[in-house]
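Here's the structure we're looking at; comments come further down.
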Amino acid sequence: MKPLAIVATLAMAAGMVGCASTRSDSGPLTIAKQGSFFVGGKNIKSETLSNLPAYAPSGTITVNQVYVRYQEPVNAKKTSVIFIHGCCLTGKTWESTPDGRMGWDELFVRKGFPTYVVDQASRGRSAADPSAIVAVKSGRQAADKLPQVFGAAQEGAWQIFRFGPKYPEVFAGMQFPLDAQAEFWKQMVPDWLNALPKPNPTVPALSELANKVNGAVLISHSQSGIYPFETAKLNPAGIRGIVSIEPGACPAADSDLSSLKGIPVLVLWGDYVNQSPRWAPRLKACKEFVAAANKAGAKAENVMLNDVGMPGASHMLMQDKHSIQIGTWLAGWIDKNVKG
């Protein structure tokens with residue numbers, strides 16, 4: 001495929017809704033390859049696919065597939081990165097920030113990494129299974145058979161994402177672009193996590209993807225923070241490194257961590273963690289995990305951004321005002337610790 005010259009704009013259009021900040025990139029970006037595909041998935045037969053006369057109620061559909069969008073720069077590094085979003089969100093997490101600045105999907109391409117962004121199974125462009133909903137709608141199943149789906153309220157998400165101690169208070173020095181808050185809320189979607197089998201179908205799909213691209217660093221966030229570790233336990237082949245950003249959970253310190261032997265692991269945290277009843281215990285557990293992982297032969301680190309000169313990071317640190325500085329530091333960590 002011939003390189004595609006993509007010239008980054010110097011400023012966002014003045015009338016663009018929700019993008020309060022101008023955008024300044026480092027010049028034209030040349031991409032060797034880009035596209036999208038799916039990994040994972042299986043066919044199922046169902047008798048409750050539709051209640052509409054125009055569509056047959058029975059037949060075969062594909063479920064549990066994971067959508068992947070990729071960009072590969074010219075003269076790409078041998079190490080690819082795979083970005084996995086968290087709760088209530090999609091791969092949009094890694095794209096342009098709410099205020100219109102460059103996202104990490106583009107930043108890491110500019111840093112030379114082949115970059116893959118996924119939508120978790122049953123999220124975004126990864127289709128969900130409608131069978132149970134249609135079955136209840138048609139009266140063939142009781143209402144308690146409906147899938148467990150939820151939407152995160154803006155007020156509750158404010159505290160979870162650590163924009164402040166409670167809605168609408170703001171932590172002093174917090175770097176999330178609150179002037180574009182309305183644009184961020186539009187990113188949030190219904191979450192099907194609790195309606196899916198375990199392990200989450202995203203996990204084996206990540207293993208398939210890592211091997212398909214001949215090895216990659218898995219970069220997860222929040223709800224998906226545990227997925228790279230589960231993927232390594234399933235099959236460590238193809239995993240060149242793990243970056244778990246503010247994971248909802250780390251593996252238990254007393255669990256079998258032998259699958260992580262030789263794998264560089266970074267658990268990365270923003271600010272105000274110890275001020276959050278939700279996140280402080282998770283940080284403690286992850287510190288215990290890192291110590292245990294190193295004893296098991298991993299090369300693990302637990303890093304607080306405040307300790308490396310980048311204070312004020314929220315839970316959505318890849319979208320914060322200093323996200324480029326954070327992403328550049330992370331790219332440097334990968335270059336230093338992960339073998340191509």
Side-chain angles (χ1 to χ4, degrees), residues 38-42 63-68 80-91 93-94 116-124 126 128 148 191-213 215-269 279 281-302 334 338:
F38 289 88
V39 289
K42 66 176 184 178
V63 299
N64 296 343
Q65 67 270 38
V66 168
Y67 172 83
V68 184
S80 298
V81 295
I82 299 172
F83 288 113
I84 313 126
H85 63 83
C87 160
C88 327
L89 298 165
T90 69
T93 289
W94 311 101
Y116 298 78
V117 177
V118 308
D119 285 353
Q120 287 189 39
S122 296
R123 204 88 59 82
S126 301
Q148 189 65 259
D191 195 305
W192 288 69
L193 174 72
N194 296 289
L196 296 174
K198 296 187 180 189
N200 189 294
T202 302
V203 171
L206 288 173
S207 180
E208 178 183 338
L209 177 58
N211 282 284
K212 182 182 179 72
V213 303
V217 177
L218 303 185
I219 303 178
S220 59
H221 176 236
S222 194
Q223 178 194 80
S224 72
I226 193 69
Y227 293 175
F229 304 111
E230 293 179 339
T231 304
K233 191 169 184 178
L234 179 69
N235 181 11
I239 301 179
R240 292 185 179 163
I242 292 173
V243 177
S244 186
I245 300 173
E246 299 221 348
C250 281
D254 60 355
S255 63
D256 179 8
L257 303 176
S258 59
S259 61
L260 300 176
K261 185 175 181 178
I263 297 179
V265 174
L266 172 65
V267 184
L268 187 63
W269 300 88
W279 290 104
R282 296 176 178 180
L283 171 60
K284 180 178 181 295
C286 285
K287 286 181 177 179
E288 294 169 353
F289 153 73
V290 165
N294 283 324
K295 290 180 181 178
K299 303 173 182 177
E301 296 181 58
N302 189 88
I334 294 172
V338 178

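For this chain, numbers begin at 1 and follow the sequence in order.
Under the 4.5 Å side-chain criterion, counting only non-hydrogen atoms from C-beta, N235 is in contact with N211. Counting heavy atoms from C-beta outward, D191 and Q223 have side chains that approach closer than 4.5 Å. Residues P228 and I239 fail the side-chain proximity criterion, which asks for heavy atoms closer than 4.5 Å. For the pair P251 and I226, the minimum side-chain heavy-atom distance is below 4.5 Å. Contact of the P204 side chain with the L234 side chain is registered, since non-hydrogen atoms from C-beta on lie closer than 4.5 Å. Side-chain contact between T231 and L218 is present, with at least one heavy-atom pair separated by less than 4.5 Å. Using a 4.5 Å heavy-atom cutoff, the side chains of T202 and L196 are not in contact. The shortest side-chain heavy-atom distance between V39 and V118 does not fall under the 4.5 Å cut-off.
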**Asked** What's the verdict on side-chain hydrogen bond (donor to acceptor under 3.5 Å, both in side chains) for N200 and E230, showing C-alpha distance, side-chain angles and the deciding distance?
**Response** CA-CA 9 Å; N200 189 294; E230 293 179 339; over 6 Å; no

**Asked** Passes side-chain contact (heavy atoms from CB on, under 4.5 Å), V68 versus I82? Steps please.
**Response** CA-CA 9 Å; V68 184; I82 299 172; over 6 Å; no

**Request:** Take V81 and V243 through the test side-chain contact (heavy atoms from CB on, under 4.5 Å) and record every step on the way to the result.
**Result:** CA-CA 10 Å; V81 295; V243 177; over 6 Å; no

**Request:** Report the C-alpha distance between H85 and W94 in whole Å, list the side-chain angles of each, state the deciding distance to 0.1 Å, and finish with yes or no for side-chain contact (heavy atoms from CB on, under 4.5 Å).
**Result:** CA-CA 8 Å; H85 63 83; W94 311 101; 4.0 Å; yes

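Nearest heavy atom pair, residue P247 against residue G225, reads CB-CA, 3.8 Å. Contact detail for A253 and L257: the closest heavy-atom pair is O-CD1, 4.3 Å. Between A232 and L260, the shortest heavy-atom contact is CB-CD2, 3.8 Å. Nearest heavy-atom pair across S122 and W192 is O-CD1, 3.4 Å. Nearest approach of G215 to R240, heavy atoms of both residues: CA-NE, 3.8 Å. Heavy atoms only, all atoms of each residue included: S126 and Q120 are closest at CB-O, 3.2 Å.
One distance of note links CG of N302 with CG of L266; it measures 8.0 Å at 0.5 Å rounding. Between the CG atom in D119 and the OG1 atom in T93 there is a gap of 9.0 Å [rounded to 0.5 Å]. Expressed to the nearest 0.5 Å, how far OG of S222 lies from CD1 of I84 amounts to 12.5 Å. Annotation: the span from I245 atom CD1 to S220 atom OG amounts to 7.0 Å, rounded to 0.5 Å.
Sequence neighbours left out, the pairs with a member in residues 226-261 that pass ring pair (Phe, Tyr, Trp, His ring centres under 6.0 Å) are F229-F289.
Listed by chain and residue number, D256 satisfy the side chain to side chain contact (heavy atoms under 4.5 Å, CB included) test with S258 (two or more places apart in sequence, or in another chain). With sequence neighbours left out, E288 forms a salt bridge (Lys or Arg N to Asp or Glu O under 4.0 Å) with K284. Residues satisfying the ring pair (Phe, Tyr, Trp, His ring centres under 6.0 Å) criterion with W279, sequence neighbours excluded, are H315. Scored by the salt bridge (Lys or Arg N to Asp or Glu O under 4.0 Å) test, K287 finds no partners at all (sequence neighbours excluded).
With hydrogens and angles disregarded, no donor-acceptor distance shorter than 3.5 Å links the side chain of R123 to the backbone of C87.
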Distance-only criterion, 3.5 Å: show the donor-acceptor pairs between side-chain atoms of residues 290-299 and protein atoms not counting sequence neighbours.
{"residue": "N294", "atom": "OD1", "partner": "A300", "partner atom": "N", "Å": "2.7"}
{"residue": "N294", "atom": "ND2", "partner": "V290", "partner atom": "O", "Å": "3.3"}
{"residue": "N294", "atom": "ND2", "partner": "A300", "partner atom": "O", "Å": "3.1"}

